[in-house]
> 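Take a look at the following structure, please.
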Amino acid sequence: MVRIRVRAAAINFFDALMVAGQYQTKPELPFVPGSEVSGEVLSAPSGSGFAAGDRVMAVVANDSLRSGGYADETSALPPAVALMPDAMPFEEGAAFRIIYQTGWFGLFRRANLRAGETILVHAGAGGVGSAAIQLGKAAGATVIATAGSDEKVEVCIKLGADHAINYQTQDFVEATKQITGGRGADVIYDPVGGDVYERSTKCVAFEGRIVIVGFTSGRIPQPPLNHALVKNYSIVGLHWGLYLRRAPELIPVAAKALMDLYAAGKIKPYVSARFAFEDAPAALRSVADRKSTGKVILSTSI
Ligand SMILES: NC(=O)c1ccc[n+]([C@@H]2O[C@H](COP(=O)([O-])OP(=O)(O)OC[C@H]3O[C@@H](n4cnc5c(N)ncnc54)[C@H](OP(=O)(O)O)[C@@H]3O)[C@@H](O)[C@H]2O)c1
């Protein structure tokens, strides 16, 4: 394990579910939440590629999920740790790994997004959505984003979306068809599920791919598979964490591509709110209550 002095930690949606006892995995109480951090290496196994003092970002995980990252010190498996560029602030480092790795594997490995295609990103103003907008643009795609309020629509446009739709007040199916000249979106990136998934099948293009990223709506859809057959589209599952265990050699490949995009100024985490570690409950609540945009961060420098 790489031992890390924590400088910043991210709030991910599943952290909020976990502290509410609503996540699929329920750690034994008491437990320390927090799955993503940045900080300095305190110690590392020889041959791990890390040394004391290295600035790193890491996904914190252990089998019991009991000692997470909202702490002074934490630890992570070497494949889940990456060096941070000198110029990257700790707050960006803590916000980087999960959302962009998820986007990279979802869009490029699972959905084979190509330049010139159109991508529809649901919950575009959220953490994983904001990363998908930026990665889609960097890949030369036309990006349509949806969000649940006019303020969040503005965030999507600022992140680089070509079009953004408030899906509470506007029919995103009709809007997507209109924008694509009736074709629909080639790739649909869906962290929401429920009705949003079901409506998405009405505006997916011929040979399109719907990437199943999560179910923030709280409802897991049960799709009729004959619809995928008659319309020639694919439903593609994505569980980024499984790559850490099943194909860890792919993680540094994605990390290198992502760092190159960061260095070129094509992707940058949108950190919308910063909290001190002792205010973690309020930070978690802002994400659980759907109030946040981009990434909410805990930082030792507040
Ligand atoms: N598959 C993977 O490997 C992977 C990796 C990382 C995260 N995830 C999943 O991706 C999802 C998004 O995570 P995130 O950290 O980006 O979350 P986030 O920043 O909180 O964004 C989630 C967004 O979902 C939308 N939403 C729709 N219905 C909602 C509801 N009933 N309650 C709350 N939010 C709702 C909200 O946007 P609007 O208001 O705009 O609708 C909200 O901002 C989560 O389900 C997470 O577990 C999956």
Side-chain angles (χ1 to χ4, degrees), residues 9-20 22-25 33-36 59 61 80 94-107 109-111 120-135 144-157 159 161 164-170 172 189-200 210-221 235-247 250-251 254 269-273 283-297:
I11 310 286
N12 284 286
F13 191 79
F14 53 86
D15 296 313
L17 289 182
M18 211 180 275
V19 297
Q22 292 166 359
Y23 194 58
Q24 58 217 27
T25 317
S35 41
E36 187 174 24
V59 175
F96 195 88
R97 195 138 168 98
I98 288 183
I99 60 171
Y100 289 113
Q101 285 269 344
T102 301
W104 192 90
F105 277 89
L107 296 179
R109 187 165 175 93
R110 302 292 288 133
L120 174 63
V121 179
H122 290 308
V128 300
S130 61
I133 290 175
Q134 293 180 349
L135 288 172
I144 307 171
T146 71
S149 71
D150 289 342
E151 294 73 26
K152 289 184 178 182
V153 160
E154 282 304 310
V155 169
C156 294
I157 295 291
L159 287 163
I165 303 158
N166 178 345
Y167 60 179
Q168 303 284 10
T169 57
Q170 202 186 347
F172 74 80
Y189 192 78
D190 181 17
V192 179
D195 294 348
V196 167
Y197 170 84
E198 281 155 9
R199 300 282 298 142
S200 295
I210 305 178
V211 189
I212 309 301
V213 185
F215 309 103
T216 54
S217 66
R219 186 166 71 80
I220 299 174
I235 303 163
V236 184
L238 172 68
H239 178 189
W240 175 72
L242 199 54
Y243 283 96
L244 282 170
R245 276 184 276 142
R246 299 293 293 270
L250 297 176
I251 306 276
Y270 169 49
V271 176
S272 66
L284 284 157
R285 177 145 302 287
S286 74
V287 171
D289 288 350
R290 208 173 171 170
K291 300 235 166 63
S292 63
T293 55
K295 293 302 296 180
V296 174
I297 293 297

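For reference, positions follow the sequence shown, starting with 1. Each ligand, and each atom within it, is numbered from 1 in the order the structure gives.
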> Can you check which of N12, V128, V196 brings a heavy atom nearest to atom 10 (O) of ligand 1?
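The residue whose heavy atom sits nearest atom 10 (O) of ligand 1 is V128.
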> For ligand 1 and A123, I'd like to know whether there is a polar contact (N/O to N/O, distance under 3.5 Å).
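No; every N/O pair is 3.5 Å or more apart.
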> Would the distance check show the side chain of E198 and the main-chain N or O of P221 forming a donor-acceptor pair, the cut-off being under 3.5 Å?
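Flag not set: sc E198 to bb P221 has no pair under 3.5 Å.
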> How far apart are the closest heavy atoms of S35 and D15, and which atoms are they?
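Heavy atoms only, the tightest pair is OG-OD1, 2.8 Å.
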> Distance to 0.1 Å, residue and atom name: give those for the protein heavy atom nearest to atom 47 (O) of ligand 1.
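Result for atom 47 (O) of ligand 1: F14 CD2, 3.9 Å.
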> Of all heavy-atom pairs between A123 and V192, which one has the smallest distance, and what is that distance?
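In terms of heavy atoms, the two residues are closest at CB-CG2, 3.8 Å.
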> Could you tell me whether K152 and ligand 1 have an N or O pair separated by under 3.5 Å?
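Looking only at distances, the answer is yes, because the N/O contact criterion of under 3.5 Å is met.
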> Sub-3.5 Å donor-acceptor pair from the side chain of E36 to the main-chain atoms of I98, do we have one?
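The answer is yes, because a donor-acceptor pair under 3.5 Å joins these two groups.
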> Any N/O of T216 closer than 3.5 Å to an N/O of ligand 1?
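By distance alone, the answer is yes.
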> Check each atom of ligand 1 against the heavy atoms of G214 and keep those under 4.0 Å away; list them by number with element.
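Numbered from 1, ligand 1 contributes 45 (O).
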> Could you pull out the closest heavy-atom pair between R97 and A80, with the gap in Å?
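It is NE-O, 3.4 Å.
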> Please confirm whether Y167 comes within less than 3.5 Å of ligand 1 when only nitrogen or oxygen atoms on both sides are compared.
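Yes, at least one N or O pair falls under 3.5 Å.
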> With heavy atoms of H239 as the reference, note each atom of ligand 1 found under 4.0 Å away.
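Atoms satisfying the 4.0 Å criterion: 3 (O).
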> Write down the atom of A10, the atom of K295, and the distance for their closest heavy-atom approach.
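What the structure gives for the nearest pair is CB-CE, 4.0 Å.
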> Consider every N or O of W240 and every N or O of ligand 1, then say whether any pair is closer than 3.5 Å.
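In this structure, W240 places an N or O atom under 3.5 Å from an N or O of ligand 1.
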> Looking only at heavy atoms, what is the nearest atom pair of G129 and V121, with distance?
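Closest approach of G129 to V121: O-CG1, 3.6 Å.
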> Which protein non-hydrogen atom lies closest to atom 21 (O) of ligand 1, naming both residue and atom, and how far is it?
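Ranked first by proximity to atom 21 (O) of ligand 1 is G126 CA, 3.7 Å.
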> Measure the OH-CD1 distance between Y270 and I133 for me, rounded to the nearest 0.5 Å.
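Atom-to-atom, Y270:OH and I133:CD1 are 11.5 Å apart.
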> How far is atom 14 (P) of ligand 1 from its nearest protein heavy atom, and which residue and atom is that?
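Checking every protein heavy atom, the shortest distance to atom 14 (P) of ligand 1 gives F13 CB, 3.7 Å.
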> Any donor and acceptor pair, going by atom type alone, linking the side chain of T102 with main-chain N or O of I99 inside 3.5 Å?
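No: the side chain of T102 does not pair with the backbone of I99.
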> Just need the protein heavy atom nearest to atom 19 (O) of ligand 1, so name the residue and atom and give the distance.
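Closest protein heavy atom to atom 19 (O) of ligand 1: G127 N, 2.7 Å.
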> Within a distance under 4.0 Å of any heavy atom of F215, pick out the atoms of ligand 1 and give their elements.
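Numbered from 1, ligand 1 contributes 45 (O).
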> Only heavy atoms of V287, strictly under 4.0 Å: list the atoms of ligand 1 that pass.
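Listed by number with element, the hits are 20 (O).
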> Determine yes or no for a side-chain-to-main-chain donor-acceptor pair under 3.5 angstrom, with S286 supplying the side chain and K291 the backbone.
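Looks like no, no N/O pair under 3.5 Å.
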> Kindly confirm or rule out an N or O of A147 lying under 3.5 angstrom from an N or O of ligand 1.
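Between A147 and ligand 1, no N or O pair is found under 3.5 Å apart.
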> For atom 5 (C) of ligand 1, which protein heavy atom lies nearest, and how many Å away is it?
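Looking at atom 5 (C) of ligand 1, the protein heavy atom closest to it is T102 OG1, 3.3 Å.
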> Between D289 and R285, does any side-chain N to carboxylate O distance fall below 4.0 Å?
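Yes, D289 and R285 are salt-bridged.
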> Starting from atom 8 (N) of ligand 1, what is the nearest protein heavy atom, named by residue and atom, and what distance separates them?
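Nearest protein contact, heavy atoms only, for atom 8 (N) of ligand 1 is V213 O, 3.7 Å.
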> I'd like to check which ligand 1 atoms, numbered from 1 as shown, lie under 4.0 Å from a non-hydrogen atom of V192.
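Per the distance check, 27 (C).
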> Which of the numbered atoms in ligand 1 are below 4.0 angstrom from a heavy atom of I98?
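Per the distance check, 6 (C).
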> Taking it one step at a time, do Q24 and L17 satisfy side-chain contact (heavy atoms from CB on, under 4.5 Å)?
CA-CA 9 Å; Q24 58 217 27; L17 289 182; over 6 Å; no
> Search all heavy atoms of G124 against all heavy atoms of C156 and return the closest pair with its distance.
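What the structure gives for the nearest pair is C-SG, 3.6 Å.
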> So is R290 polar-close to ligand 1, meaning N/O to N/O under 3.5 Å?
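N/O-N/O distance below 3.5 Å exists for this pair.
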> What protein heavy atom lies closest to atom 40 (O) of ligand 1? Include the residue and the distance to one decimal.
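The protein heavy atom lying closest is G148 N, 2.7 Å.
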> Purely on distance, is any nitrogen or oxygen of L238 under 3.5 Å from one on ligand 1?
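Yes; the residue has a nitrogen or oxygen that sits under 3.5 Å from a nitrogen or oxygen of the ligand.
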